[in-house]
Structure formats: structure tokens, C-alpha cells
Amino acid sequence: MESLQEKASEWSGVETDHAFAIDDTNLYQKLGLQTFINLSTNFYNRVYDDEEEWFRSIFGKSDKEKAIQNQYEFLVQRMGGPSLYSQRRGHPALIARHRPFPVTQEAAKRWLHHMQQALDNTSDIDHDSNIMLINFFRHTAYFLVAGVEQKNQSLHPCKDAPGRHPCKNF
């Protein structure tokens, strides 16, 4: 049986080692809190203004400001900063938190389109950090697709790939 990480690598085109290159540096220390706030704000402004109704509807029941906060707190924590997300919301549990949404390959592609634009238009993100972040985001987006596809199974993704999980070992 193919693991979630293997599916994510296959579907995203990003090898696991490249996806988790973020673990080799502290991007929070390098980029700072405000950069992650700006990235998340930039991203969600694009998502909520998307011209595709089917995509906007995925986020339609979510409060935009809470979505921004959830994302930047998760990113800060995952990129080496303080555990803001876990302190407020508990374990990230990415797959479980995304189960209510139609996380499909088409949705992942659209999400990544907006994230790439947000990365490219957020100041203070250097070229190398941009590459590390988009590799992480590409792999994680397809990891979620694979995980949601297996939502009726009891396999926990951390058990599938200990130590190499998008939400790490919080």
C-alpha cells in the first residue's frame, strides 16, 4: 500500500526531502512573524476573491480573519517559531481539520495557484525561502488530498511517516 507521503510526492512532483527542506533552517527566524501574517493575508485575500464559485464556496463558511490567523499561526509554528497554533487550537491535525472540505486534486491546484501568487507578492521572502515554502506547500496540499481520500480508514498520517509529517511532531 502506497503511503500518504509517497502519494503526496507522486502527485505534487516534490520529493519528501525537498518538501521538508524547511526543517533544515528556521524560516521563522529568517523571515519573521510579520512576513507570515502578510503571506497569509495576501493568500486569503486572493482565495476569497477567486473568480471560481466552486473554489470560493470551500471557504464560504469560514471567517476570513480566523482563517488568516489559523494559517499564519500554523506556519509560524511549523517554520520554527513559537507554538502559537497549538497553544490556541491544539495539535494541527491537518487531515482531520480538512475532512469537512472537498479537498480534491483540482482544489489543491487552485489553492497552490493562489499560494504561489501570495509568495511572489509578499515582500521579505527571498528566492531560496520561496522555493522551500512552495515545495512544502505543494507536497502538503497533495498530502491532504491523499489523507482526505483515506478519511474512512483509521490510519493516522503521523503513524504512516513518523518525523516527516507536515504538522511535524507537535
Side-chain angles (χ1 to χ4, degrees), residues 1-23 27 31 35-75 78-79 85 92-123 125-153 155 157-158 160-161 164-168:
M1 177 190 226
E2 192 173 32
S3 76
L4 296 181
Q5 294 297 348
E6 290 167 337
K7 283 184 181 181
S9 289
E10 178 186 335
W11 294 345
S12 70
V14 178
E15 292 299 321
T16 305
D17 288 347
H18 292 237
F20 293 103
I22 59 166
D23 294 336
L27 287 178
L31 301 174
T35 299
F36 288 106
I37 293 171
N38 294 345
L39 174 63
S40 297
T41 301
N42 191 334
F43 170 75
Y44 275 106
N45 284 340
R46 293 170 188 286
V47 165
Y48 279 83
D49 290 341
D50 190 282
E51 68 265 9
E52 298 288 340
E53 163 58 30
W54 70 267
F55 186 74
R56 275 193 328 272
S57 70
I58 295 171
F59 303 88
K61 294 180 182 175
S62 300
D63 176 82
K64 182 178 172 181
E65 294 307 313
K66 286 182 183 174
I68 290 168
Q69 181 181 10
N70 289 338
Q71 185 179 70
Y72 82 72
E73 286 182 353
F74 169 77
L75 292 175
R78 185 60 184 90
M79 301 303 154
Y85 187 92
L94 290 179
I95 291 172
R97 291 188 192 276
H98 288 84
R99 279 187 183 149
F101 306 104
V103 181
T104 63
Q105 290 205 24
E106 183 180 21
K109 286 178 190 169
R110 194 78 186 151
W111 189 96
L112 288 163
H113 165 76
H114 289 300
M115 184 52 78
Q116 182 67 69
Q117 288 186 332
L119 281 165
D120 291 345
N121 290 289
T122 300
S123 60
I125 300 179
D126 61 281
H127 179 73
D128 290 342
S129 297
N130 186 314
I131 290 170
M132 281 191 280
L133 287 165
I134 199 61
N135 282 340
F136 173 76
F137 292 138
R138 288 187 64 74
H139 190 273
T140 301
Y142 288 99
F143 177 86
L144 287 173
V145 172
V148 169
E149 283 185 0
Q150 292 183 354
K151 69 183 176 182
N152 293 327
Q153 296 179 8
L155 177 65
C158 289
D160 182 44
R164 303 302 280 177
H165 183 265
C167 57
K168 211 171 178 181

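Sequential numbering from 1 along the given sequence is applied to the chain's residues.
The NE2 atom of His114 sits 13.0 Å away from atom CG of Leu119, with the distance rounded to the nearest 0.5 Å. Put simply, OG1 on Thr104 and CG on Leu144 are 11.5 Å apart, with the number rounded to the nearest 0.5 Å. A distance of 6.5 Å separates OG1 of Thr122 from CG of Asn38, quoted to the nearest 0.5 Å. Annotation: the span from Ile37 atom CD1 to Leu75 atom CG amounts to 11.0 Å, rounded to 0.5 Å. Atoms CZ and CZ, from Phe74 and Phe36 in turn, are 11.0 Å apart once rounded to the nearest 0.5 Å. The CG atom of Leu31 lies 10.0 Å from the CG atom of Asn130; values are rounded to the nearest 0.5 Å.
Looking at residues two or more places apart in sequence or on another chain, you find no side chain to side chain donor-acceptor pair (under 3.5 Å) involving Thr41. Remark: Ser9 pairs with Thr16, His139 by the side-chain contact (heavy atoms from CB on, under 4.5 Å) rule, at least two apart or across chains. Partners of Arg97 under the salt bridge (Lys or Arg N to Asp or Glu O under 4.0 Å) rule, at least two apart in sequence or in another chain, do not exist in this structure. Legend: residues meeting side chain to side chain donor-acceptor pair (under 3.5 Å) with Asp128, ordered by chain and number and at least two apart, are absent. Remark: Ser57 engages Glu53 in a side-chain contact (heavy atoms from CB on, under 4.5 Å) (not counting sequence neighbours). Residues meeting the side chain to side chain donor-acceptor pair (under 3.5 Å) test with Glu15, sequence neighbours left out: none. Partners of Lys109 by side chain to side chain donor-acceptor pair (under 3.5 Å), not counting sequence neighbours: none found. For Phe137, the ring-ring contact (aromatic ring centres under 6.0 Å, His included) partners at least two apart in sequence or on another chain are Trp111. For His98, there are no ring-ring contact (aromatic ring centres under 6.0 Å, His included) partners two or more places apart in sequence or in a different chain.
Leu133 has its side chain within reach of Met79: a pair of non-hydrogen atoms, C-beta onward, lies under 4.5 Å apart. Side-chain atoms of Glu10 and Glu6, non-hydrogen and from C-beta on, never get closer than 4.5 Å to each other.
Nearest heavy-atom pair, Ala107 versus Ile58, reported as atom, atom and distance to 0.1 Å: CB-CD1, 4.0 Å. Across all their heavy atoms, Glu149 and Trp11 have their closest contact at OE1-CH2, 3.3 Å. Nearest heavy atoms, His18 versus Asn135: O-CB, 3.7 Å. Considering every non-hydrogen atom in both Gln5 and Phe20, the closest pair reads OE1-CE1, 3.9 Å.
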Could you walk me through whether His113 and Val47 pass side chain to side chain contact (heavy atoms under 4.5 Å, CB included), step by step? CA-CA 10 Å; His113 165 76; Val47 165; over 6 Å; no
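Side-chain atoms of Tyr48 come within 3.5 Å of backbone N or O of Phe59 as a donor-acceptor pair. Side-chain atoms of Ser12 come within 3.5 Å of backbone atoms of Ala8 as a donor-acceptor pair (strictly under, hydrogens ignored). Between the side chain of Asn121 and the backbone N or O of Asn42 there is no donor-acceptor pair closer than 3.5 Å.
Screening residues 35-52 for salt bridge (charged side-chain N to carboxylate O under 4.0 Å, His left out), with sequence neighbours left out, gives Asp50-Arg110, Glu51-Arg110. Sequence neighbours left out, the pairs with a member in residues 63-72 that pass side chain to side chain donor-acceptor pair (under 3.5 Å) are Ser40-Gln71, Asn45-Lys64, Gln69-Glu73, Asn70-Arg88, Asn70-Arg89.
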